[in-house]
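In what follows, every heavy atom counts, from backbone to side chain, and hydrogens, waters and symmetry copies are set aside.
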Amino acid sequence: MSNAGGQDVVAPRSVAASGVMGNSPLVNYALSGLQKCWLPDKQRWSHIYHLDGRENPNESVPHSDVFYSLNVLLGMSRIRAVPQAINIPDVFSTNVDQLTRLPVPTYAFGMALWAAAKLKLEVPFSVSKVIRQLLENRGRWTTFRAQDLGMLLIGIVAQAVEGRTEFSHHAALLFNFLSESYATDSALFCDTATGFRRRFASFATQTYLAIACYSYGEFAGEPEAIELANSCVRRLIELQGPQGEWPWFFDAKRGEVVDFYEVYSVHQYGMAPALLEFAERHNVEGATKALVKGFNWIFGENQLRRSMLLPASQLSYRSQVRVNELHSKDRRVVRAVANAYLGRKTQLIPPASLTLRMECRSYELGWILWSFGERYDLDQLTHNLVFSSALR
């Protein structure tokens, strides 16, 4: 078995052997959960692991499996020990080759660049060809959603940092496009460059575009990019819920929350910490406090007053959602549009109107690996008793 850098490692006999190779209990908790999401015949992690007790909990959606698996591999690039059963180069090759064969979203190609750079692996020519076509067709850029643009820029910068400059001449152009078409006076980012959907932006919109700005700013020595990201983070911290909830939906034009729900676990323990790690590095006031407060939501400091973790299976519940919106997003869309155009601020609703989404997705655990694989300063999170106890 080789790690991301090609060095031989001695894998632990089980993921539970947390102290042997130096992974934190939190990281090994996520690795153990990922074992349950693994589809050995397909060499990838599943789209959904259902938590409702069904006989076959893993649900495969091939194009989503592939993207999620690249996300998980990205996370593995930052941990000290990879499970013995996972051959990273083989799993990467198997999944990245599917990008040109399946109806994957544009952002999956950005994830391929990002993961390949961090794992020090090569992107296949067929995939590079598609990426080249995406980048050279400037007219198509206006169709990019925030996640597409963000991940492509992050991936290009990650490649350039490793000395792979095939796409690096696009980095400044992409950042300028981001700054001109997605940034707003409110400090939050828009979701698209044009159209009705533009002002309605998710937490993911903010995360990927702010990380892209940080990544480009650090690489290019561009203070404007760093300040765009810092301003976004400051506003997000101002909008964080009273128990650490990261809101799901924003009106980027006004810089306000138009719907808190769903509140997703992956934002609390994965994506927000990934963004806030950059913010800490750039001295954004309150970044660490917001990270810890958001993570504590997972431990039960939330509206339902219950842990979002399932220690027996080393998984987590996906989200807290309105009871009447568990199977449809229609009401959420109408509410968000009305709140935006009427200038209303949204509020948290009574806990009795909330329920759990009974599923876990592999990429969620992958974000834990990324966000905490190299953190040694937050023992109250990474070495919390709930994680070490679950692995005994």
Verify, without hydrogens or angle tests, whether Asp148 (side chain) and Arg145 (backbone) share a donor-acceptor contact under 3.5 angstrom. yes

Margin query: Does Asp185 have more than 12 heavy atoms from other residues, nucleotides or ligands lying within 6.0 Å of its CG?
Written below: no

Inset, instruction - Determine, using ring centers only, whether Tyr182 and Tyr208 are less than 6.0 Å apart. - result: no

Specify whether Phe299 and Phe387 have parallel, tilted or perpendicular ring planes, treating 30° as the upper limit for parallel and 60° as the lower limit for perpendicular.
tilted

query = So, does Gln98 use its side chain to make a donor-acceptor pair with the main chain of Val66 at under 3.5 Å?
reply = no

* Give a yes or no on this: more than 12 heavy atoms of other residues, nucleotides or ligands lie within 6.0 Å of atom CZ of Arg281. => yes

Taking NZ, NE, NH1 and NH2 as the nitrogens, is one of them in Arg164 or Glu122 under 4.0 Å from a carboxylate oxygen of the other? yes

query: Could Glu277 and Arg78 be called an ion pair, given the rule that one side-chain N must be under 4.0 Å from one carboxylate O?
result: yes

| Gln240 side-chain N/O to Glu238 backbone N/O, donor-acceptor pair under 3.5 Å | no

Between the main-chain N or O of Leu326 and the side-chain N or O of Arg357, is there a donor-acceptor pair closer than 3.5 Å?
yes

- request: Start with the C-alpha gap between Thr346 and Asp259, add the side-chain angles, then the distance that decides, and say whether side-chain hydrogen bond (donor to acceptor under 3.5 Å, both in side chains) holds.
  value: CA-CA 6 Å; Thr346 191; Asp259 202 342; 4.7 Å; no

Check: Counting distance only, does the side-chain N/O of Glu364 pair as donor-acceptor with the main-chain N or O of Arg361 below 3.5 Å?
Finding: yes

Side-chain ion pair, Arg375 and Glu280, N-O less than 4.0 Å = yes

Quiz item: Where do Thr184 and Phe189 land on the side chain to side chain contact (heavy atoms under 4.5 Å, CB included) test, with the steps shown first?
Solution: CA-CA 6 Å; Thr184 71; Phe189 292 107; over 6 Å; no

Between His282 and Tyr214, what is the ring plane arrangement, given parallel below 30°, perpendicular above 60°, and tilted in between?
parallel

* Asked: Is Asn339 reaching over with its side chain to a backbone N or O of Lys345, donor-acceptor style, under 3.5 angstrom?
  -> no

Q: Check whether the side chains of Gln43 and Thr94 place a donor and an acceptor atom closer than 3.5 Å, and report yes or no.
A: no

| message | Could you check whether any side-chain N or O of Thr100 sits under 3.5 Å from a backbone N or O of Ser126, counting only pairs where one atom can act as donor and the other as acceptor? | response | no

Worksheet entry | Side-chain donor/acceptor of Arg198 to backbone N/O of Ala193, under 3.5 Å | yes

Does CZ belonging to Arg331 count more than 12 external heavy atoms closer than 6.0 Å? no

For this session: Quick one: do Leu39 and Asn58 satisfy side chain to side chain contact (heavy atoms under 4.5 Å, CB included)? Show the steps, please.
Result: CA-CA 8 Å; Leu39 305 173; Asn58 273 314; 3.9 Å; yes

How are the rings of Phe175 and Tyr216 set relative to one another: parallel (under 30°), tilted (30 to 60°) or perpendicular (over 60°)? parallel

Q) Are the aromatic ring centres of Tyr68 and Trp45 under 6.0 angstrom apart? A) no

Exercise for review: Check whether any side-chain N or O of Tyr363 sits under 3.5 Å from a backbone N or O of Asp65 as a donor-acceptor pair, and report yes or no.
Suggested key: no

ask   = Are Tyr269 and Ser371 linked by a side-chain donor-acceptor pair shorter than 3.5 Å?
value = no

Quiz item: For the rings on Phe260 and Trp248, is their centre-to-centre separation under 6.0 Å?
Solution: no

### Message
Does Lys253, at its NZ atom, have more than 12 non-hydrogen atoms belonging to other residues, nucleotides or ligands within less than 6.0 Å?
### Response
no

Review point. Are any of the side-chain nitrogens in Glu227 or Arg234 under 4.0 Å away from the carboxylate oxygens of its partner?
Key: yes

Inspect the contact between Glu325 and Arg335 and indicate whether a charged nitrogen and a carboxylate oxygen are less than 4.0 angstrom apart. yes

Side chain to side chain contact (heavy atoms under 4.5 Å, CB included) for Thr207 and Leu236? Distances and angles first, verdict last. CA-CA 10 Å; Thr207 299; Leu236 288 175; 5.8 Å; no

(message) With salt bridge (charged side-chain N to carboxylate O under 4.0 Å, His left out) as the criterion, how do Asp330 and Arg332 come out once you've worked through the C-alpha distance, each side chain's angles and the decisive distance to 0.1 Å?
(response) CA-CA 5 Å; Asp330 292 347; Arg332 183 169 76 171; over 6 Å; no

Carboxylate-amine/guanidinium contact Glu256 Arg344, below 4.0 Å
no

| said: I'd like to know if the side chain of Ser64 reaches the main chain of Val61, judged simply by a donor and an acceptor atom lying under 3.5 Å from each other, with no hydrogens or angles considered. | reply: no

Check your understanding: Relative to each other, are the rings of Phe177 and Trp141 parallel, tilted or perpendicular (30° and 60° limits)?
Key -> tilted

Take atom CD in Glu285; do more than 12 heavy atoms of anything else shown fall under 6.0 Å from it? no

